[in-house]
Amino acid sequence: MQIEAIYDHGRLELPGQIRFAHQRFTVRIDVPDDIIVTHEVSQSEGHARTSYTLPPEVAALSQAMADRLERIRNAPLPPDEQLPPLTQKQYNRIEAFAFRDEFRKMRD
Amino acid sequence: MNLLLDVNIIVDVCAERPLFGKASRDAVNLALARGFGVWIYAGSVQTLEYTLIGELKRICADDELCLTNRQISFRARALLKDFCADKNWLAALSAEGHVFEAQDPEDEQLIRALDRLTPGEIALLTRDEQLLNRQDPRILSPEQYLTRRPEARPIDFIDLKGQQNDIRPALETGIHRVLHHGQYIMGPEVKELEAKLGAYVGAKHAISCASGTDALLMALMAYGVGPGDAIFTTPFTFIATAEVISLLGATPVFVDIDPKTFNIDPAKLEQAIIALKSNDPSIRPLPLNSVLSTQSSALIPKGVIPVDLFGLPADYDAINKIAKEHGLFVIEDAAQSFGAVYKGKRAGALADIACTSFFPAKPLGCYGDGGMCFTDDDELAAALDSIRVHGKGSHKYDNARIGINGRLDTLQAAILMAKFDIFPEEVQLRQEVANRYTALLDGASVRPPHIPPDDLSVWAQYSVLAKDETHRAALLKSLQEAKIPAAIYYPKPLHLQTAFAVLGYAPGAFSVSEDAANRIFSLPMHPYLQKEDQMKIAEIMKRAC
């Protein structure tokens, strides 16, 4: 469905009465040409915007994978206390990979 | 083209990253749908898990969701478990460990992994700009992969790669185990394999050796075959069967085949034995040294080597009965038939000694040469065990007889063990592929293989008969034009080979074999052959009629 939304300093404000099944999903928006000052597309985004056509059976396969993973992403999670504790080593890794990502961002 | 996935692609798909998730997912599915392998570097597991955890944490923060580290970790693992379920793991090798001088050690590992894979067959799929900017044709973005010209997956005559991918974990574990224990000759895997295969066949003894040819040679040596002995066998087979007879100075006496099964014809075998005993070539063609022999130099009939051609056992009830009546031993050449069944008994247990081959293209093949003898006879087993190790006696340096260097490598035994785990399932798949061929070729102008009602071929080959040599050439040309591999087994019977000219057999001596050699050819055959590929092959065959 098409709805009207308001762009306000980087956030989209949607009509309050709509409830969504998921917290995160892709939307398409129409931006009036006359309000765009500059439009810089990064190389990565450039790759992502390349158009291609998939055979229907491949598209169906890809959609099936998307649906399956989405179900996992949205499946109810066990309460924290019912999950095995994370070890100190695992916490260290989480920190290390966060540092790695920061390092890579600085490098790029 | 097969794909090796960089971590960012997997995280794109699992987290459905806006802008990137769809293209990455489409590229992965395009490869899978076209039958190509999608690989994940095993050395990336930790990076994969914690990068996805980081991405899921970011999403939670954006969505103002309050999940604990444990819950995010739980979700990340569930996503990765699902995504990785139908992908192949590419082992990290020691050569990919010393990467600390590289600007990005993780990227360096992937590049080194690519270096050991066949160029043109696999690409690294990534969104990493540093990798893509290398301008290496082996590195593609999802968009580059998705916009490539579609490539057809080739049809293999025998698909050893598909099988290898299925058993790679067991295969690599087995090989590494041997590399680490270091018992390369007669290591524990050899004994274990012998026990497993002996039990499968239903034979009391299984003696592994270096090749199918060595298995036949050892079997003849165990019977003490030598100059002056005559061994009856088929001329419509690979040369190894008759070669070992001549190697020992004995004489191969060829017997024509049954036109339906292509295996030795028992009725003609009996006639050939009588012909040799009475030295009368008018009954059945005999080798020149028999015809020219005097009473004192006459050939002595010693044994028979039937060949289970293309995986179908010969008619052992009839052959064993004839052999027993004439006091001959029977050696089953089961090089192509390991896994087949004859009247409820497995190939490998149908004669006094059976010999099989583990040549890579065989139904159970290793990654080199290998073979095995099977017997229920304790004395023959002891002789075979001795012959394969230079005729050893009570110990290695006590030589009781002349033997050969015929041991199976431990590495090959480890490979065979991994392959044997899925062998029964593969035998079943081969039946399904063969049955599909027979149904699809209904109406084509070729004769499909004939399998007697009580037997089960293991389908080492699916061989059909064309109407004549010209018809076969036309069919083979059509297949070749469609890039479908085919082969002729065997284009020239043994009695017409230069190597056996000394036997003096003339063209026409074995007319059924000669006719088959002019008309037969084999189609792609392996357990993983797809129905669509078989339909394409059958269509070409029917159109070319």
Side-chain angles (χ1 to χ4, degrees), chain A residues 22-27 41-86 89-104 107-108, chain B residues 13-16 18-34 46-47 49-51 53-60 62-65 67-75 78-79 81-83 103-104 106 127-130 132-133 141-148 150:
Chain A
H22 305 305
Q23 298 300 316
R24 186 183 181 84
F25 52 89
T26 305
V27 294
V41 180
S42 75
Q43 203 173 348
S44 299
E45 287 170 329
H47 280 300
R49 281 159 195 260
T50 309
S51 66
Y52 57 88
T53 313
L54 282 182
E57 68 279 7
V58 181
L61 202 65
S62 184
Q63 189 55 50
M65 181 188 273
D67 294 344
R68 210 174 59 238
L69 293 171
E70 189 170 350
R71 275 196 297 278
I72 297 172
R73 280 194 300 272
N74 294 311
L77 285 163
D80 184 68
E81 61 275 13
Q82 285 180 18
L83 291 167
L86 293 180
K89 275 196 287 189
Q90 287 173 302
Y91 278 114
N92 291 346
R93 283 184 205 133
I94 290 171
E95 280 177 29
F97 275 88
F99 172 71
R100 167 188 175 273
D101 285 355
E102 288 303 312
F103 179 77
R104 283 197 158 189
R107 184 195 68 182
D108 295 342
Chain B
V13 179
C14 288
E16 190 70 19
L19 286 178
F20 311 118
K22 185 175 183 310
S24 294
R25 171 165 45 79
D26 286 346
V28 169
N29 281 286
L30 184 64
L32 290 172
R34 287 182 180 162
Q46 205 174 75
T47 309
E49 181 184 0
Y50 288 95
T51 306
I53 288 173
E55 183 66 16
L56 295 179
K57 282 181 87 163
R58 263 189 295 278
I59 293 171
C60 287
D62 288 350
D63 291 351
E64 295 172 5
L65 282 175
L67 296 183
T68 65
N69 277 329
R70 284 197 282 195
Q71 287 174 315
I72 290 172
S73 171
F74 178 85
R75 178 162 285 166
L79 287 163
K81 192 177 164 191
D82 183 277
F83 180 84
Q103 189 193 9
D104 189 318
E106 284 178 43
R127 268 196 312 99
D128 186 301
E129 294 297 337
Q130 290 209 352
L132 290 168
N133 287 339
S141 71
E143 292 73 23
Q144 285 169 330
Y145 185 73
L146 286 160
T147 51
R148 278 164 59 93

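Throughout, protein chains are lettered first and strands after them, A, B, ... in sequence-line order, and every chain is numbered starting at 1.
- Of the possible polar contacts, none joining the Arg73(A) side chain to the Leu56(B) backbone as a donor-acceptor pair under 3.5 Å is found.
- Among residues two or more places apart in sequence or in another chain, the side chain to side chain contact (heavy atoms under 4.5 Å, CB included) test is passed with Arg34(B) by Leu30(B), Phe36(B), Pro150(B).
- Atoms CG and CG, on Leu86(A) and Asn69(B) in that order, are 6.0 Å from each other to the nearest 0.5 Å.
- Residues that satisfy the side chain to side chain contact (heavy atoms under 4.5 Å, CB included) test with Phe74(B), not counting sequence neighbours, are Leu77(A), Pro78(A), Leu83(A).
- The shortest side-chain heavy-atom distance between Arg70(B) and Pro85(A) falls under the 4.5 Å cut-off.
- We find the CD-CG distance between Gln63(A) and Asp26(B) to be 9.0 Å, quoted to the nearest 0.5 Å.
- With sequence neighbours excluded, the residues forming a side chain to side chain contact (heavy atoms under 4.5 Å, CB included) with Lys89(A) are Thr87(A), Arg93(A), listed by chain and number.
- For residues 53-60 of chain A, the interface with chain B (any heavy-atom pair closer than 4.5 Å) comprises Leu54(A), Pro55(A), Val58(A), sorted by residue number.
- Here the shortest heavy-atom pairing between Ser51(A) and Thr147(B) reads O-CG2, 3.6 Å.
- Counting heavy atoms from C-beta on, the side chains of Arg58(B) and Asp101(A) come closer than 4.5 Å.
- Ala98(A) does not touch chain B: none of its heavy atoms, backbone or side chain, sits under 4.5 Å away.
- Here the CD1-CD distance, from Ile53(B) to Gln90(A), works out to 7.5 Å after rounding to the nearest 0.5 Å.
- Each of Val28(B), Val13(B), Leu146(B), Asn29(B) has some count of heavy-atom pairs under 4.5 Å with chain A, and the biggest count is that of Asn29(B).
- Taking every heavy atom of both residues into account, Ala78(B) and Ile72(A) meet most closely at CB-CG2, 3.7 Å.
- By number of non-hydrogen pairs under 4.5 angstrom with chain A, the leading residue of Lys57(B), Glu64(B), Glu49(B), Gln46(B) is Gln46(B).
- Residues Leu69(A) and Cys14(B) approach most closely at CD1-CA, 4.3 Å, considering heavy atoms.
- Atom-to-atom distance recorded for Ser73(B):OG and Ile94(A):CD1 is 6.5 Å, nearest 0.5 angstrom.
- Both the backbone and the side chain of Thr47(B) come within contact range of chain A, each with at least one heavy atom under 4.5 Å from a heavy atom of that chain.
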